[in-house]
Amino acid sequence: ENRYNSLYLWNGHPFSSLVKLDDYPYALEVDEQTFAKNEVMYKFIAEEANKRGIWLIQMFYNILLPKPFADKHNLKTQDRNRIITPLIEDYTRKSIAAFVEKYPNVGLLVTLGEAMEGVGNDDIIWFTKTIIPGVKDGLKANNIKIEPPIILRAHDTDAVAVMHASKPIYSNLYTMAKYNGEALTTYTPRGKWAELHQNLSNIGTTHVQNVHILANLEPFRYGSPDFIQKSVYAMHDIHKSKAIHIYPQASYWDWPYTADKTDQRMLQVDRDWMWYKGWARYSWKRTYSKSQEEVFWARSIADHYEIRLDEAQNLLKAIEEIGEISPKILRRFGITDGNRQTSSLGMLMTQLINPYRYGLFTLLYESEAPEGEMIIEYAEKEFKGETHIGETPILTANEIVAHAEKAVEYIADLKSSNKHSEDFGRLINDIHVHHALAKHYSYKVKAALTVLKYKYNKDVNILKSALPDLEKS
């Protein structure tokens, strides 16, 4: 029931560990023993996925080169201003062809951006003259007519233009873009980022939502069914998407293990079971009523931990309350939706009162949050006596504490479980951590707003009055 049907393998440049090329034998990045193990493992994964009707998708960045190849030709493995040369084009095309010939049922997830950033129309040329021809060469070698899926990521590239150039020469194309950047912030996306998703969906191919990295949720448990269900609604109804690619909820770089300090390392699929169960459930059907979901999730939690149904109902309420905290913190106080900001690390006062100094990513506020105000905007309006709009920093500072206090109240009588008891205790602890996190940000934001008053009136006493909230934070 509600099973996932795709598996994505991310790698900068996988080909030099999976295929050998007659023309470039020196490009191989691993020793023969490792290469043989890679072949066995990859063949097993590909065949088993194919038996089960699961798409196996291999991701790669462009233009990256294997180190032995780069060293031999005095090139960089990564170069954001890479010039396409006949040598690089030939090597990459032949690598893709050899991969497709060897694994014809494996699709490709292509990232043209980042390592090719800022090079004009090279992304279109590279996709249509190197990548797609390489796939076709591999199919031709096997005399196969069925095209494997190629998914184009809209990451640092003009994906709409690339797709328009590619559709006439390849039919099995898809697009993908990040839902809330490298975070989870809102189920009311808007602005330019929503327009990008809509434009990709309107091309006529299936557009995939990528729930990516989740830096603002690190490293704690997150599994709010309500937030996830509303996000799927947004993906479908606002972004017009029909597919989804889910990242691990936390500790992406340590997959498959969690960050929890345990005697035996925990698997993410075990710890974060509600995360995976939630996205799978709503991806197949998002229209369950609130009352249906309250019953479903309470029973699921009761079964998982072997606790009473009324206890499970209270735990569910707590999980949904804390589910609003980290998204609200980032979208109203943050610097970026990128993975360089993790809410649990806190923020400097200077980040709160002068975010532009730290490379503020304004799309976070313009597209990945409800209409509202930044801290600096709120302070300026207060000074000018102007009317505030939407979700304000003060409103959010108070709301996150209210969410946290409700959550703590719901779990006040939850002491233990009969099953998964140690992880039950960690979940309860994570709820208390969110309480501390909410209070920390609430006090610090209020202190920041007081500090910003000093900017306008230069009264040192006002500046000193920020100290109590700063100390409480």
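One-based numbering along the sequence shown. Computed over heavy atoms, backbone and side chain alike; hydrogens, waters and symmetry mates excluded.
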If you count every heavy atom of other residues, nucleotides or ligands that lies below 6.0 Å from Lys381 atom NZ, does the total exceed 12? yes
Return the minimal non-hydrogen interatomic distance between Gly204 and Lys167, and the atom names on each side. CA-NZ, 4.5 Å
I want to know whether Tyr288 and Phe296 have ring centres closer than 6.0 Å. no
Other residues, nucleotides, ligands: >12 heavy atoms within 6.0 Å of Trp284 CH2: no
If only atom types and distance count, is the side chain of Glu373 paired as donor or acceptor with the main-chain N or O of Gly390 below 3.5 Å? no
By side chain to side chain contact (heavy atoms under 4.5 Å, CB included) - contacts of Asn50 (at least two apart): Asn105
Is a side-chain donor or acceptor of Glu391 paired with a backbone partner of Pro370 at a separation under 3.5 angstrom? no
Residues at least two apart in sequence or cross-chain that pass side-chain hydrogen bond (donor to acceptor under 3.5 Å, both in side chains) with His197, listed by chain then number, are Trp193, His207, Gln209
Could you walk me through whether Arg299 and Leu309 pass the side chain to side chain contact (heavy atoms under 4.5 Å, CB included) check? CA-CA 7 Å; Arg299 286 176 177 168; Leu309 186 60; 4.2 Å; yes
Can you tell me if Thr262 and Asp260 form a side-chain donor-acceptor pair at under 3.5 Å? no
Between Asn398 and Lys446, do the side chains contain an N or O donor and an N or O acceptor separated by less than 3.5 Å? yes
Among side-chain atoms of Glu293 and Tyr282, is any donor-acceptor pair under 3.5 angstrom? yes
Would you say Glu366 has more than 12 foreign heavy atoms packed within less than 6.0 Å of its CD? yes
Minimum-distance pair of heavy atoms, taken over all atoms of Ala154 and Leu196: CB-CD2, 4.4 Å
I would like to know whether Lys419 and His304 meet side chain to side chain contact (heavy atoms under 4.5 Å, CB included); could you show each step before the answer? CA-CA 7 Å; Lys419 189 177 176 183; His304 186 79; over 6 Å; no
Rounded to the nearest 0.5 Å, how far apart are CG of Asn210 and OG1 of Thr175? 11.5 Å
Under 3.5 Å side-chain donor-acceptor pair for Glu147 and Ser171: yes
Derivation of the side chain to side chain contact (heavy atoms under 4.5 Å, CB included) call for Ile335 and Arg340: CA-CA 9 Å; Ile335 299 294; Arg340 64 188 170 99; 3.9 Å; yes
Between Val100 and Val135, which heavy-atom pair has the shortest distance, and what is it? CG1-O, 3.7 Å
Go through the steps for Thr342 and Ser344 under the test side-chain hydrogen bond (donor to acceptor under 3.5 Å, both in side chains), then give the verdict. CA-CA 6 Å; Thr342 300; Ser344 57; 5.7 Å; no
If we count only N and O atoms by modelled type, under 3.5 Å, do the side chains of Gln58 and Tyr42 hold a donor and an acceptor together? yes
Can any side-chain N or O of Ser367 pair as donor or acceptor with the backbone N or O of Lys192 at less than 3.5 Å? yes
Is the centre of the Trp10 ring less than 6.0 Å from the centre of the Tyr252 ring? no
Lys/Arg-Asp/Glu bridge criterion (N-O < 4.0 Å) met for Arg331, Glu399: no
Please determine which of Thr128, Ile150, Ile131 meets the side chain to side chain contact (heavy atoms under 4.5 Å, CB included) test together with Ser166. Thr128
Tell me which one of Phe99, Tyr61, Tyr103 satisfies ring-ring contact (aromatic ring centres under 6.0 Å, His included) with Phe15. Phe99
N/O donor-acceptor pair under 3.5 Å between Asn216 side chain and Ser343 backbone: no
Aromatic ring pairing Tyr378/His388, orientation class (parallel under 30°, perpendicular over 60°, tilted between): parallel
Could you tell me whether Asp413 atom CG has more than 12 heavy atoms of other residues or ligands within 6.0 Å of it? no
Ion pair Arg221/Asp423, N-O distance below 4.0 Å: yes
Closest heavy-atom pair and its distance - Pro248, Tyr276: CA-OH, 3.3 Å
More than 12 heavy atoms of other groups within 6.0 Å of Gln198 CD: yes
Can you name the nearest heavy-atom pair linking Ala438 to Ala404, along with the distance? CB-CB, 3.9 Å
Other residues, nucleotides, ligands: >12 heavy atoms within 6.0 Å of Lys102 NZ: yes
Does a side chain donor of either Thr350 or Tyr358 reach within less than 3.5 Å of an acceptor in the other side chain? yes
Look at Glu48 together with Lys51 and state whether they make a salt bridge at an N to O cut-off of under 4.0 Å. yes
Crowding at CG, Leu345 (>12 non-hydrogen neighbours, <6.0 Å): yes
Between Leu184 and Phe227, is the side chain to side chain contact (heavy atoms under 4.5 Å, CB included) condition met? List the steps. CA-CA 10 Å; Leu184 186 64; Phe227 203 105; 3.8 Å; yes
Side-chain donor or acceptor of Tyr179 paired with backbone N/O of Thr186 under 3.5 Å: yes
What are the two closest non-hydrogen atoms of Val451 and Ala466, and how far apart are they? CG2-CB, 3.8 Å
Distance-only polar pair, side chains of Asn38 and Ser17, donor-acceptor under 3.5 Å: no
